[in-house]
Visitor: 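Please read through the structure below; I'll follow up with questions.
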Amino acid sequence: MPGAATPPFDPYDPLGLDDLLTPEDLAIRDTVRKWAADRVLPHVAEWYERGELPGIRELARELGGIGALGMPLTGYGCAGATAVQYGLACLELEAADSGIRSLVSVQGSLAMYAIHRYGSEEQKQRWLPAMAAGEVIGCFGLTEPDHGSDPAAMRTRAERDGSDWVLSGRKMWITNGSVAGVAVVWAQTTDSPSGIRGFVVPTDTPGFSAPEIHHKWSLRASVTSELVLDDVRLPADAVLPEVGGLRGPLSCLSHARYGIVWGAMGAARSSFEAALDYARTREQFGRPIGGFQLTQAKLADMAVELHKGVLLAHHLGRRMDAGRLRPEQVSFGKLNNVREAIEICRTARTILGANGISLEYPVMRHATNLESVLTYEGTVEMHQLVLGKALTGLDAFRG
């Protein structure tokens, strides 16, 4: 508008993307950012170094208290937030650590989402209010030791025995597994025309165990487990009644991937801001390194990719809120934003030099975490093939 004052350039919001947010959006973002600053950032380097997430149940209850669990779901104690608001929360949580965002994503976008969308009313009433409050932690059992990108080949079986189901098999790389009170487990059925079915499994059921996975060099401030199902007997009403086949788990994964589109930009933002602050104060050859052309080129490229990624996340969030978001578009966002986030972290590490590998700074922690984020919820190659099929109409998954 002629005569209107142009706002000053903000290095932390160079495109003015905050103008896209409502006061409620900003309030939710600020609430999650403050929680992460108070409860995660002072401790996360130590948690990461020790390879554990102490007090995870207390953290889950606190996250439930601020409405971050099952955030975009409605009813049953869930916040009923918009997709954009949920995305903003994911960004702020992953700016603290990918492990914290993973806790929230698995709880809300996988376990709770599966029950909310495909469960019976009895299942919803039993589990969702307690999960929304963080009183019960959930996990999602799909990936197996020998079957990650090809879940149709899963070996976990569910067989009828009278009116009961009996589950046998193993799941691998399961976030929240050993602290979960309920697991959503997907299994091949032998006498159902739907093939793969989802089951709501209380983790105190005999035959269920979840040994924790150790010796990780990524997502160290996160609980990762194996699920072992040794003739786990469940009643007939344990099955998710409203879905059969791969459509069920894949729709849950698409919902979780949407959160990653935002979350990865949180890790990127944290690393970019660490590099920017460092470049302004670190002196070499008699002046701050931010005054050298090569450093400025790195910072400019990082800022461009970071805020393009946030803008892409906003666009996908608006489409989800309008009911127009397609799985291929989620693949577009996940593929781009995680790849760019890793590159931003690596470039930030070069600006910090040797300090970049120290846990006194967040950069290396984010970089190693993102190596896992790059793989889970669909590898780079799988999302490339999803987009390749959408672009050409030809299916390359089976060779």
Side-chain angles (χ1 to χ4, degrees), residues 87 90-91 94 97-99 101-102 105-106 109-110 140 142-154 172-175 216-220 222 224 246 249-272 301-302 304-313 315-316 325-350 363-399:
C90 288
L91 189 151
E94 194 143 358
D97 192 79
S98 299
R101 200 267 309 142
S102 294
S105 286
V106 170
S109 290
L110 293 178
F140 187 84
L142 179 64
T143 298
E144 297 189 351
D146 297 320
H147 299 285
S149 295
D150 185 15
M154 70 174 66
M172 197 68 172
W173 304 114
I174 308 303
T175 298
K216 300 178 300 178
W217 286 112
S218 180
L219 290 180
R220 289 174 58 78
S222 177
T224 310
L246 275 177
L250 292 183
S251 67
C252 298
L253 290 175
S254 186
H255 200 265
R257 290 165 181 157
Y258 166 77
I260 291 172
V261 175
W262 285 88
M265 292 296 97
R269 187 192 73 190
S270 175
S271 297
F272 167 75
D301 287 346
M302 293 161 67
V304 167
E305 295 306 326
L306 168 60
H307 295 284
K308 280 164 57 179
V310 175
L311 189 58
L312 171 58
H315 174 67
L316 297 184
L325 183 62
R326 294 190 52 83
E328 298 92 341
Q329 293 165 345
V330 178
S331 287
F332 194 114
K334 203 268 186 180
L335 174 64
N336 179 79
N337 282 13
V338 182
R339 283 198 310 198
E340 295 304 328
I342 288 179
E343 189 59 34
I344 288 169
C345 290
R346 290 171 178 164
T347 304
R349 210 288 303 163
T350 69
V363 175
M364 184 61 79
R365 175 169 52 83
H366 284 311
T368 55
N369 280 340
L370 286 172
E371 292 292 344
S372 291
V373 179
L374 189 72
T375 294
Y376 70 31
E377 316 291 6
T379 65
V380 165
E381 293 81 3
M382 289 299 103
H383 290 297
Q384 286 173 322
L385 294 182
V386 166
L387 291 173
K389 179 180 177 181
L391 291 169
T392 67
L394 302 173
D395 188 346
F397 282 95
R398 299 293 175 181

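The residues of the chain are indexed from 1 along the displayed sequence. Please read all numbers here as calculations on a predicted model, not as lab measurements.
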Visitor: Using the test salt bridge (Lys or Arg N to Asp or Glu O under 4.0 Å), find all partners of R365 that sit at least two apart in sequence or belong to another chain.
Guide: D97
Visitor: Restricting to side-chain contact (heavy atoms from CB on, under 4.5 Å), what partner residues turn up for L385, sequence neighbours left out?
Guide: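 Here the qualifying residues are M382, A396, F397.
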Visitor: Can you list everything that forms a salt bridge (Lys or Arg N to Asp or Glu O under 4.0 Å) with E343? Sequence neighbours excluded, please.
Guide: none
Visitor: Between atom CD1 of I344 and atom CZ of F272, what is the distance when rounded to the nearest 0.5 Å?
Guide: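 Spacing of CD1 (I344) from CZ (F272) equals 8.5 Å.
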Visitor: Please confirm whether the backbone N or O of Q329 pairs with a side-chain atom of K334, one donor and one acceptor, at under 3.5 Å?
Guide: no
Visitor: Side chains of Y376 and T143: any donor to acceptor distance under 3.5 Å?
Guide: no
Visitor: If every non-hydrogen atom of L325 is compared with every non-hydrogen atom of Y258, which pair is closest and at what distance?
Guide: CD2-CD1, 4.2 Å
Visitor: Using a 4.5 Å cut-off on heavy atoms from C-beta on, say whether the side chain of I260 contacts that of V338.
Guide: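 Of all side-chain heavy-atom pairs linking I260 with V338, at least one is under 4.5 Å.
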Visitor: Just jot down the side-chain contact (heavy atoms from CB on, under 4.5 Å) partners of I174, sequence neighbours excluded, or say none.
Guide: C139, K171, L227
Visitor: What pair of heavy atoms forms the shortest contact from L219 to S98, and how long is it?
Guide: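 Distance-wise, the nearest heavy atoms are CD2-CB, 3.7 Å.
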Visitor: Regarding S271 and H366, do their side chains bring together a donor and an acceptor under 3.5 Å, going by distance alone?
Guide: no
Visitor: Please identify each residue that fulfils salt bridge (Lys or Arg N to Asp or Glu O under 4.0 Å) with E381, with sequence neighbours left out.
Guide: none
Visitor: Residues two or more places apart in sequence or in another chain: which of them pass salt bridge (Lys or Arg N to Asp or Glu O under 4.0 Å) with D301?
Guide: none
